[in-house]
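Below: the structure, in structure tokens.
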Amino acid sequence: EQSLPPIITFSEGLDNMLGGGVPLCKITEFCGAPGVGKTQMCMQIAVDVQIPSQFGGLQGEAVYIDTEGSFIVERLVDIAKATVDHCNEMARLEGFKEGEITVESVLSGVHFYRCHDYVELLATVHLLPEFIKKHPKIKVVLVDSVAFHFRHDFDDLSLRTRLLTTMAQSFIKLATEFKIAIVLTNQMTTKFSPGEDSRLVPALGESWGHASTIRVILYWEGQKRWAWLYKSPSKKESRVPYQITMGGVRD
Ligand code: GTP
């Protein structure tokens, strides 16, 4: 079976750390504090999944589920412009036709959902198989963030655990059945353990921690942003710096 390439992020360091980029058929979770760049990362991936195949891309489409209201279409346009310029530059160098990817084509390749509460989120995830069947170019489903409604609306923790487990199973099924990437973002929370200093860990608890195959923690150190591969089935734990520029995620 021919294996499709991963989705690049335009940070070579991060891509290398992940083994080439965000893999298909797996769940990748980006965790981090507010403002560290999780939404930017999602928008970058939603754009880069659409890079045409002659440039080594997947020529796919994205489902983008926004639970926080942090998706900004103008920002997607900035990132799309940079990717389109990059592809046109490659086309010129290699003698391909330019204009295979345009800002308009990128925008229409992002299927956007805004979910205002966990019921909407669960319903949307439930309907995804039918939607993806109708849009077979979809190669990634992004959820920014998976934590939001489960942290704010919940008092009943056993119900929360059950719903999260069901949702995790839906994501695993989507990833393997449709051979697509699932990209989730998550917040960080403070964990207090007896006899230890409190530390920041991904939110939603330990059982949710098994949902994702790959976990990357994004964090600040001084002025610098770092991506830390925290969990991976095949790569060793490591860290790389990355930046967010006008054009999106870069080294
Ligand atoms: P929450 O949504 O609050 O949880 O945060 P997040 O981790 O999703 O952060 P987000 O992806 O919204 O990243 C915000 C960061 O992106 C800010 O620190 C900005 O520095 C950076 N950023 C956003 N827009 C631009 C832009 O147009 N140019 C540049 N250079 N940076 C930007």
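Just so you know, ligand 1 is whichever comes first in the structure, and atom 1 is the first atom listed for that ligand.
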| What is the ring orientation for H111 with F131, classed by angle as parallel under 30°, tilted 30 to 60°, or perpendicular over 60°? | perpendicular
| said: Using a 4.0 Å cut-off on heavy atoms, what residues surround ligand 1? Order them by chain and number. | reply: A33, P34, G35, V36, G37, K38, T39, Q40, E68, R75, R225, I244, T245, M246
| message | Using side chain to side chain donor-acceptor pair (under 3.5 Å), reason through N186 and S145 one step at a time and then give a plain yes or no. | response | CA-CA 6 Å; N186 192 358; S145 73; over 6 Å; no
| With ILVMFWY side chains joined below 4.5 Å, transitively, what does I51's cluster contain besides itself? | I8, F10, F55, M90, F96
| request: Please list all pairs passing the ring pair (Phe, Tyr, Trp, His ring centres under 6.0 Å) test where one or both residues lie in residues 161-215, with sequence neighbours left out. | output: none
| Which residues pass the side-chain hydrogen bond (donor to acceptor under 3.5 Å, both in side chains) test with W228, sequence neighbours left out? | E237
| message | Between L127 and V63, is there shared hydrophobic-cluster membership here, with clusters defined by ILVMFWY side-chain heavy atoms closer than 4.5 Å? | response | no
